[in-house]
Protein chains: 2
Amino acid sequence: MGGKILYKKWQCLKKRLREIYDLESVIAVLTWDQNTHMPPGGAEARGKQLSVLGELAHQKKTAPELGELLEAVESEPPFLSYDSDQASIVRVAKRQYLEAQKVSTGFISRFYEHIAKTNQIWMEARESNDFGKVAPCLEKTLDLSREYASFFPESEHIADPLINRSDYGMKASDIQELFHQLRRQLVPFVDEITQQPASDRSCLLQAYPVQKQLDFCKEVIAKMGFDFRRGRLDLAMHPFMIGFAAGDIRITTRVKEQDLSEVLFSTIHEAGHAIYEMGINPAYEGTPLHNGISCGVHESQSRLWENIIGRSREFWSYFYPKLQARFPSQLGNVSLDDFYRAINHVERSLIRTDADELTYNLHVIIRFDLELALLEGKLQIRDLPEAWNERYKTDLGLVPPNDRDGVLQDIHWYFDFIGGVFQGYTLGNILSSQFYQAALKACPEIPEQIVHGNFVPLHAWLKENIYQHGSKYTAAEIVERATGSSLAIEPYMEYLRKKYYNLYLSR
Amino acid sequence: MGGKILYKKWQCLKKRLREIYDLESVIAVLTWDQNTHMPPGGAEARGKQLSVLGELAHQKKTAPELGELLEAVESEPPFLSYDSDQASIVRVAKRQYLEAQKVSTGFISRFYEHIAKTNQIWMEARESNDFGKVAPCLEKTLDLSREYASFFPESEHIADPLINRSDYGMKASDIQELFHQLRRQLVPFVDEITQQPASDRSCLLQAYPVQKQLDFCKEVIAKMGFDFRRGRLDLAMHPFMIGFAAGDIRITTRVKEQDLSEVLFSTIHEAGHAIYEMGINPAYEGTPLHNGISCGVHESQSRLWENIIGRSREFWSYFYPKLQARFPSQLGNVSLDDFYRAINHVERSLIRTDADELTYNLHVIIRFDLELALLEGKLQIRDLPEAWNERYKTDLGLVPPNDRDGVLQDIHWYFDFIGGVFQGYTLGNILSSQFYQAALKACPEIPEQIVHGNFVPLHAWLKENIYQHGSKYTAAEIVERATGSSLAIEPYMEYLRKKYYNLYLSR
């Protein structure tokens with residue numbers, strides 16, 4: 001093929017990829033609106049809108065012309081080294097094309113319409129604390145999740161195709177083994193720590209005016225690197241990050257007037273996700289590379305900023321005086337040390353998103369196990385609340401007093417497939433320590449700079465090694481390139497042990 | 001054709017119309033977001049998103065299969081009387097199909113992309129008071145407007161196809177004649193009134209906390225019939241109403257801390273539009289009937305609520321004590337009579353949206369004349385600010401001190417074609433009085449009920465005679481059915497004379 005023809009084909013390919021990117025961005029705008037501003041009366045029509053768009057996007061993703069263009073540019077190897085952007089675009093686009101081909105268009109549109117309805121009913125069910133209201137929807141979600149998996153009959157486990165959607169390349173069996181190892185070390189450690197006198201978090205549980213809380217959070221995330229010209233912060237029932245383009249990446253948070261930690265760590269967490277997306281090479285906009293690579297890697301960034309940085313003494317050495325200045329009557333007499341202990345309070349609790357660093361993964365492992373049981377047919381939807389409560393009793397020693405604080409708490413099963421998302425949170429925790437260890441090795445001055453409010457060295461390392469690449473490399477490749485080794489739990493356990501021994505056992 | 005086959009074809013047609021409706025709703029969501037929440041960095045990608053969707057919607061609107069289905073159901077007349085919903089859906093869908101067919105898909109996508117860019121640049125140009133910044137965009141908009149008109153070579157005047165988009169059936173020549181008549185009566189009347197001592201509006205120009213202003217407006221529009229479960233109110237630079245579905249109809253407004261009238265009348269105005277859309281027969285959702293029929297009729301509803309009702313003594317007999325209770329330090333010592341005079345202050349001014357009832361139409365007629373001159377090639381974009389300023393001097397005796405308060409003030413030319421929109425405002429003013437006169441004839445108790453805060457009789461008459469029909473009847477048909485006569489300026493001039501003689505000449 002001549003250079004001119006190849007160039008033309010390449011332009012046609014880019015145009016098709018851009019259309020897919022734009023349609024997915026539009027779906028994201030509709031989703032953002034649905035969760036932040038849409039009045040209840042808009043739900044039914046929103047479902048239809050998402051369904052039409054989902055179908056159109058799927059048609060574009062599976063168009064034979066796209067397949068032909070991918071073949072054509074792929075068969076001209078001279079300029080395509082693995083690391084080149086062009087080769088990477090073709091590689092990732094082709095993988096997505098082959099995957100999309102397996103799923104019928106009718107399925108996608110049924111799924112979108114179902115999910116929009118389910119999401120609305122979940123909000124009502126959660127409000128009225130009535131799992132029964134949303135259970136029929138959830139049964140259909142489970143059927144649809146199984147149907148999705150059935151499009152990939154070559155899979156080892158029914159959950160694998162679902163996991164592939166968010167953590168490409170990971171298998172249910174690998175994750176089970178990893179979580180098993182982690183749990184074996186974590187459970188006795190949580191026991192050890194929770195036997196110590198708990199730290200006092202009452203300083204956080206005072207009345208903090210809502211708008212002032214939000215204003216402080218905006219100051220914090222701007223300093224971390226969140227660019228408000230290219231993003232916004234809104235309120236939503238369930239905090240999330242969503243990107244529409246390189247220049248429009250939004251986060252949501254939630255505020256409790258009587259608990260300052262809610263907005264602080266939700267916002268820092270979501271900002272961590274957003275900073276990742278804001279750092280992707282802007283030249284990738286309009287291609288499948290302009291995305292965080294996986295749930296695990298994405299979550300490693302939100303958790304790194306939320307926990308390793310956002311709950312560190314260095315971070316608050318810089319921000320605490322500013323926080324005190326905003327809330328003198330609440331915090332004027334609380335020392336940095338006491339505040340640091342308060343935000344690292346460990347306690348077995350019911351709500352995943354409120355959980356501390358140590359117990360958090362136990363929440364995730366419960367959900368992961370329940371998902372597998374549902375998908376494998378070993379657990380029925382009607383028995384889910386009971387199974388949930390039993391596992392909470394066994395693993396965390398607590399029984400939820402109602403479904404709102406139990407099985408209805410998280411949006412995920414009511415907004416997506418059942419299976420394939422929760423594992424990312426714990427993978428992210430594990431990776432966050434691996435990445436931070438590597439960053440420290442390269443730039444040992446990071447903590448000292450943070451004390452002075454300088455986040456540039458950390459941000460620069462993350463951008464260089466993770467953010468800029470978007471989806472160019474697989475998660476496994478990113479981990480290997482950035483840390484020199486593969487996914488491993490040791491750095492994470494080491495980090496937890498050091499921090500929490502210091503906090504709880506060296507007093 | 002057998003009944004079964006016809007039924008099936010009818011279902012296929014409804015599905016296709018629903019898809020078009022949903023895609024247009026999605027475009028509306030993107031537009032709403034663009035004008036309320038989108039960060040500046042999102043503008044470029046938003047243009048691409050709108051362009052892709054505009055192209056897809058246009059493809060759906062011009063699909064040959066749609067034309068065939070319309071032919072098929074249309075050729076089976078037995079059940080299709082003119083007044084039936086089915087016949088009306090087919091009639092309106094066919095008209096839109098034939099119109100869309102004339103416009104090339106490539107044109108639509110170029111237009112959307114251009115407009116998104118122009119809109120963003122307009123905001124910057126307005127901010128920095130620099131017409132030159134947006135002039136090149138506006139030249140292209142003019143070219144595109146002419147190109148659009150050229151798709152309808154059978155038109156009498158270049159502006160007719162543009163006017164048809166919003167006021168179907170009206171012609172540039174008819175409007176010129178109508179505006180000429182109106183102007184002949186209005187100009188001497190404005191002279192007469194403005195020679196009287198102006199009413200004192202200083203009570204409105206005090207410091208009113210922004211949030212409290214918005215809260216009051218929400219109370220007012222809820223009472224008028226705005227349903228917050230099916231809509232929302234947000235802030236935007238330029239107030240507008242936009243509907244996504246029967247259950248999701250949104251308005252925006254703007255607030256000035258130092259001028260209470262800004263938010264009051266902007267909000268009531270937009271709520272008037274929204275109440276119209278909320279009152280359309282919900283069974284029409286997903287069809288081309290689920291839309292206000294024309295700019296003129298739409299504007300008649302916003303102006304009826306804003307002016308005839310919202311600036312009436314009856315309205316404020318009910319609401320003014322509530323307003324005083326919210327703002328005791330500002331209004332405690334201002335009588336209802338003084339407040340009524342303040343909100344009906346007449347003064348020649350520069351900003352259309354701030355103009356009083358009497359001078360308002362002069363602003364519109366200026367824009368309409370300038371549009372025609374631009375389209376006819378008698379005026380160049382580069383000369384537009386000067387032409388604008390000259391006309392303001394001639395017609396209103398004022399020269400804008402800068403372009404922000406001049407040619408950059410309105411969003412319209414920077415968000416749509418040039419031509420075909422402004423006439424609707426004055427048509428709306430004329431119609432508002434015609435409709436209200438008819439409503440009073442049918443229910444003479446309307447004003448007395450409004451004094452008691454009961455808007456039901458008025459709302460019911462409007463819903464019965466206008467709202468419910470959506471686009472089932474043409475504007476001309478609606479006017480004829482509701483008032484028993486065709487468009488006429490007498491009721492409007494009579495209303496203005498009676499009100500303003502009373503206010504200014506009987507003191």
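We name chains A, B, ... by the order of the sequence lines, and we start the count at 1 in each one. None of these values were measured; they are calculated from a predicted model.
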Cut-off 4.5 Å, heavy atoms of chain A, and the answer for B/Leu53 is side chain
Minimal heavy-atom distance between A/Ala245 and B/Ala45, with the atoms involved, is CB-CB, 3.2 Å
Across all chains, not counting sequence neighbours, the side-chain contact (heavy atoms from CB on, under 4.5 Å) partners of B/Ala93 are B/Leu17, B/Leu70, B/Pro288
Cut-off 4.5 Å, heavy atoms of chain B, and the answer for A/Leu23 is side chain
Enumerate, by atom name, each donor-acceptor pair separated by under 3.5 Å where one atom lies in chain A and the other in chain B.
residue	atom	partner	partner atom	Å
A/Asp33	OD1	B/Arg250	NH1	2.7
A/Asp33	OD1	B/Arg250	NH2	3.4
A/Asp33	OD2	B/Arg250	NH2	2.8
A/His37	O	B/Arg232	NH1	3.1
A/His37	NE2	B/His37	NE2	3.3
A/Gly41	N	B/Arg229	O	2.9
A/Gly42	N	B/Gly247	O	3.1
A/Arg229	O	B/Gly41	N	2.9
A/Arg232	NH1	B/His37	O	3.1
A/Gly247	O	B/Gly42	N	3.1
A/Arg250	NH1	B/Asp33	OD1	2.7
A/Arg250	NH2	B/Asp33	OD1	3.4
A/Arg250	NH2	B/Asp33	OD2	2.8

Ranked by heavy-atom pairs below 4.5 Å to chain A, first place among B/Gly41, B/Pro39, B/Gly42, B/Ala43 goes to B/Pro39
